[in-house]
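So the structure is just underneath, and the comments pick up after that.
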Amino acid sequence: MSTPLKIGVAGLGTVGAGVLALLERNAGIIATRAGRPITVCAVSARDRSRDRGLSLEGLRWYDDASQMATDDQIDVVVELIGGSAGPAKELVTAALGQGKAVVTANKAMLALHGTELARCAERNAATLAYEAAVAGGIPAIKALREGLAGNQLSRVTGILNGTCNYILTCMREQKREFADVLAEAQALGYAEADPTFDIDGVDAAHKMAILAALAFGQPVAFDAVHVEGIRDITATDILLAEELGYRIKLLGIAEQDDAGVTARVHPCMVPVSHPIAVVEGVDNAVVAEGDFVGRVVLEGRGAGAGPTASAVVADLIDIARGRHTPVWGTAVSELTPRQVLPMDRHRGAYYLRLMVLDRPGVIADVTGVLRDHDISLESMIQRGRSAVGAVPVVLTTHECREDAMRDALTRIGGLDAVLERPAMIRIESR
Ligand SMILES: NC(=O)C1=CN([C@@H]2O[C@H](COP(=O)(O)OP(=O)(O)OC[C@H]3O[C@@H](n4cnc5c(N)ncnc54)[C@H](O)[C@@H]3O)[C@@H](O)[C@H]2O)C=CC1
Ligand SMILES: N[C@@H](CC=O)C(=O)O
Ligand code: NA
């Protein structure tokens, strides 16, 4: 029997427990595919006595996870603690510093410190693998970094947060309230320790920064990602989107052309005929466009114990087999910072929802502001009268520039007859 690959697992929550369960249940096929057994030797978590439904018998316990880095019996450290800094980053830095391979699911850490950690990995000829960090069980990292390596990629789009997609799906299909569904997503192990990262778009932006770095060969630049979440999406918008032939999705979109790159995360109205519109529940999707391959669409579960453990174990099998790829697909010295184009220069179509007083001339005032900003209308829906004389008005526009739209919205919001801050959702048809 070949020498086992010995691993230490730090963090025994949703993902850590999932990894231990998968390694145990599928030990036979894993050993065959890895060419040797993968054996857990040591673990670390915050609370030793917690019942996780797992036997930790025979495993070394570390109160201080960073000590695993100096354990000679460990070949690979699996970091599943979370958090962009603190114990997770200390452990990963220490392990790479010892020349140990590291597998992590920690997109926050990679989005903020990915280039520094890649340098550390290179200096110590160590592997840093992170398939679980983006789109859960979908092999998105492998696809971009290896499967599509021969292409010039112009665009990567995705549904990158399972919690948000689950919430938007349940709100639409079951007419449920946002807060209820969020609690359910937390109970199912989909949400981050701090779920505001999910609903405010930060988690998807972490993943977008990682995908943009891989796709465009640039250093990871989380600060360059424009971020908006799903907090302001109402049941009314979801219903109106359906009437107009769209679904609302939180999308991550990164594009490059000769002028530079853009990376953004925000809610979008997507035509129901688009493949991404029908990706529902906790599923994620990643769509990549390359000059030779054309469009590649990947879909699968983006969060939860099973899919995330599946990605962690795929990385472990690669390490056991001795397969090694540079962290960002090329040496760090080959990564080229790119001009970041500001969101103001974005061009697209928009959905606007206004609550206006039902009196003559209001629509003319609103459309007058749009005309002044060179924004042309695609459609308008006005709903029945309310008891207090306020009516919702929904407008969709043709393509225009984001800065013009923002100025127009400020002026429209300031009209006497407009009773609430206008709701705006970008329409993404590509
Ligand atoms: N839950 C999911 O669906 C996914 C999670 N991830 C990422 O995986 C990582 C883990 O996520 P979850 O398992 O959901 O979190 P969790 O909160 O369920 O588990 C975290 C674990 O880390 C342990 N921990 C906390 N501080 C520690 C310390 N100082 N030393 C040792 N252990 C410590 C906790 O005791 C717990 O066992 C995070 O980076 C998360 O962003 C990535 C993809 C999907
Ligand atoms: N909280 C994340 C977990 C996976 O990355 C999500 O909901 O997608
Ligand atoms: Na993945």
Side-chain angles (χ1 to χ4, degrees), residues 8-20 42-50 52 54 56 61-68 77-92 103-111 129-145 158-168 182 185-207 210-211 214 230 250 252 281-286 298-315:
V9 179
L12 294 175
T14 302
V15 183
V19 168
L20 263 55
V43 290
S44 174
R46 221 167 3 209
D47 178 1
R48 187 172 190 167
S49 60
R50 201 179 135 204
R52 301 174 173 85
L54 293 167
L56 302 180
W61 176 271
Y62 283 99
D63 281 322
D64 176 359
S66 67
Q67 302 281 313
M68 279 185 181
V77 166
V78 181
E79 184 280 303
L80 302 170
I81 296 172
S84 60
K89 184 166 177 248
E90 281 160 29
L91 170 62
V92 170
V103 176
T104 180
N106 192 333
K107 54 267 169 150
M109 177 181 71
L110 289 163
Y130 54 94
E131 184 57 76
V134 179
I138 303 175
I141 303 300
K142 204 176 249 298
L144 287 196
R145 195 172 56 183
I159 292 178
L160 299 175
N161 186 270
T163 302
C164 286
N165 209 41
Y166 185 80
I167 291 174
L168 292 170
L182 171 60
Q186 288 179 284
L188 289 165
Y190 302 158
E192 294 303 298
D194 175 355
T196 63
F197 275 54
D198 295 290
I199 60 182
D200 291 332
V202 178
D203 176 75
H206 287 148
K207 295 165 178 164
I210 291 170
L211 292 183
L214 280 173
I230 63 165
L250 182 74
V282 72
D283 273 15
N284 281 191
V286 175
L298 303 164
E299 185 194 340
R301 275 188 284 164
T308 314
S310 159
V312 168
V313 171
D315 281 342

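Whatever order the structure lists ligands and atoms in, that order sets their numbers, starting from 1.
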Contact region, D203 to ligand 2, non-hydrogen atoms below 4.0 Å, reads side chain
Among non-hydrogen protein atoms, atom 7 (O) of ligand 2 lies closest to T163 OG1, 2.6 Å
In ligand 1, the atoms that come under 4.0 Å of a heavy atom of G189 are 1 (N), 2 (C), 3 (O)
Atom 5 (O) of ligand 2: closest protein heavy atom, distance to 0.1 Å, is K107 NZ, 2.5 Å
(Q) Counting backbone and side-chain atoms alike, is an N, O or S atom of G136 positioned under 3.0 Å from the Na ion (ligand 3)? (A) yes
Short version for A191: what comes under 4.0 Å of ligand 2, heavy atoms counted, is backbone
Atom 39 (O) of ligand 1: closest protein heavy atom, distance to 0.1 Å, is G82 CA, 3.2 Å
Non-hydrogen atom of A132 closer than 4.0 Å to ligand 1: yes
Closest to atom 27 (C) of ligand 1 by heavy-atom distance, out of V134, L91, I81, is I81
Out of G13, A45, A17, A193, the nearest non-hydrogen contact to atom 16 (P) of ligand 1 is supplied by G13
The atoms of ligand 2 lying under 4.0 Å from a heavy atom of D198, numbered in the order shown, are 1 (N), 2 (C), 6 (C), 7 (O)
Check your understanding: Within less than 4.0 angstrom of ligand 1, does S44 place any heavy atom?
Key -> yes
Output field for angle at the Na ion (ligand 3), I138.O vs V134.O, rounded to 10°, should show 110°
A student checking ligand 1 against E192 at a 4.0 Å heavy-atom cut-off should list atoms 40 (C), 41 (O)
the protein heavy atom lying closest to atom 6 (N) of ligand 1 turns out to be K107 NZ, 3.5 Å
